[in-house]
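Working notes for the structure below.
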Amino acid sequence: QVQLVESGGGLVQAGGSLRLSCAASGYTFSHYAMGWFRQAPGKEREFVAAISWTGDTTYYADSVKGRFTISRDNAKNTVYLQMNSLKPEDTAVYYCGGKERPTLWTPRTLYGYDVWGQGTQVTVSS
């Protein structure tokens, strides 16, 4: 059974940092492209960052470029999101998603993923 479990969320002051983790199980993690999305109250889920299954290509939303870094450790079956210089507008539930060896991948859309985690809350205070 494919499963993704996010962790690392919490409460942080503006300007601070957090590192989110998404641990995968039940499938060959190295075959999966991975991404992070977030959803704030009353808003739609939006793209944050993604990494190809080969790990050689990354994608970022303009709102987080230069502040967030996505990475993966296939030996640990885990994808990370390092978040620096956090802002109150980064407050949201963060979700990781996966897609097995996509060919025509659309990493910035929800349709680019077929497995999701349950989310982890990130709250940035001003």
Side-chain angles (χ1 to χ4, degrees):
Q1 182 178 356
V2 177
Q3 189 174 18
L4 298 175
V5 179
E6 300 96 334
S7 61
L11 174 64
V12 63
Q13 288 188 332
S17 298
L18 283 174
R19 188 177 79 157
L20 305 184
S21 300
C22 173
S25 61
Y27 64 92
T28 305
F29 178 74
S30 61
H31 291 179
Y32 271 67
M34 301 296 295
W36 287 95
F37 283 66
R38 66 188 182 187
Q39 188 167 18
K43 295 188 177 181
E44 294 185 350
R45 192 173 298 191
E46 65 174 6
F47 170 74
V48 176
I51 187 166
S52 62
W53 66 278
T54 57
D56 58 359
T57 305
T58 55
Y59 309 81
Y60 294 96
D62 288 343
S63 59
V64 307
K65 199 173 296 183
R67 299 188 298 124
F68 291 10
T69 302
I70 188 171
S71 62
R72 64 189 300 155
D73 185 339
N74 288 344
K76 296 183 178 180
N77 290 350
T78 301
V79 62
Y80 303 98
L81 185 68
Q82 178 66 43
M83 305 187 296
N84 299 328
S85 302
L86 282 162
K87 304 176 181 179
E89 51 263 44
D90 294 319
T91 295
V93 178
Y94 283 69
Y95 299 89
C96 68
K99 177 72 173 179
E100 186 175 15
R101 286 189 283 194
T103 51
L104 298 176
W105 192 31
T106 54
R108 301 176 186 272
T109 74
L110 296 174
Y111 303 105
Y113 305 85
D114 49 32
V115 59
W116 293 93
Q118 84 292 343
T120 185
Q121 176 70 46
V122 172
T123 303
V124 184
S125 63
S126 57

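Just so it is clear, the structure is predicted and the values come from calculations on it, not from any experiment.
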CG (N77) and CE (M34) are apart, to the nearest 0.5 Å, by 9.5 Å
CZ of R101 to NE2 of H31, rounded to nearest 0.5 Å, is 4.5 Å
field: Close side-chain approach of F68 and W36, heavy atoms under 4.5 Å
entry: no
Practice task
Check whether any side-chain heavy atom of N74 lies under 4.5 Å from a side-chain heavy atom of W53, and answer yes or no.
Solution key: no
Output for pair (T106 OG1, Y111 OH), nearest 0.5 Å, gives 10.0 Å
- Do Y27 and L4 have side-chain heavy atoms sitting under 4.5 Å apart? yes
d(L18 CG, L11 CG) to nearest 0.5 Å is 9.0 Å
In one Ile/Leu/Val/Met/Phe/Trp/Tyr side-chain cluster, 4.5 Å: V115, L110: no
NZ of K87 to OG of S126, rounded to nearest 0.5 Å, is 14.0 Å
**Message:** Are the side chains of F47 and F37 in contact, using a 4.5 Å heavy-atom criterion?
**Reply:** yes
Please confirm whether the backbone N or O of S52 pairs with a side-chain atom of Y59, one donor and one acceptor, at under 3.5 Å? no
_Over-ring placement of R72 relative to F29, 6.0 Å and 45° cut-offs_ = yes
* To do: Describe, in one word, how the ring planes of Y113 and W105 are oriented to each other, choosing from parallel (under 30°), tilted (30 to 60°) and perpendicular (over 60°).
  => perpendicular
query: Do T91 and Q121 pass the side-chain contact (heavy atoms from CB on, under 4.5 Å) test, and can you show the C-alpha distance, the side-chain angles, and the key distance before you say yes or no?
result: CA-CA 8 Å; T91 295; Q121 176 70 46; 4.1 Å; yes
Looking only at heavy atoms, the pair that brings G9 and T120 closest together is N-OG1, 3.2 Å
Here the gap from I51 atom CD1 to T57 atom OG1, rounded to the nearest 0.5 Å, amounts to 8.5 Å
Is the shortest side-chain N to carboxylate O distance from D62 to K65 below 4.0 Å? yes
Test item: W116 and R45 side chains (from C-beta on) under 4.5 Å apart, heavy atoms | yes
Problem set entry | Shared hydrophobic cluster for L81 and V12 (ILVMFWY, side-chain gaps under 4.5 Å) | yes
Side chain proximity check, V64 to R38, heavy atoms < 4.5 angstrom = yes
- prompt: Is any side-chain heavy atom of V79 closer than 4.5 Å to a side-chain heavy atom of C22?
  reply: yes
For Y95 and V48, run side-chain contact (heavy atoms from CB on, under 4.5 Å): C-alpha distance rounded to whole Å, both residues' side-chain angles, the deciding distance at 0.1 Å, then the answer. CA-CA 10 Å; Y95 299 89; V48 176; over 6 Å; no
Does E6 use its side chain to pair, donor to acceptor, with the backbone of Q118 at less than 3.5 Å?
-> yes
Path from L86 to Y60 over hydrophobic side-chain contacts below 4.5 Å:
yes
- So, do M83 and D90 sit near enough that their side-chain heavy atoms are less than 4.5 Å apart? no
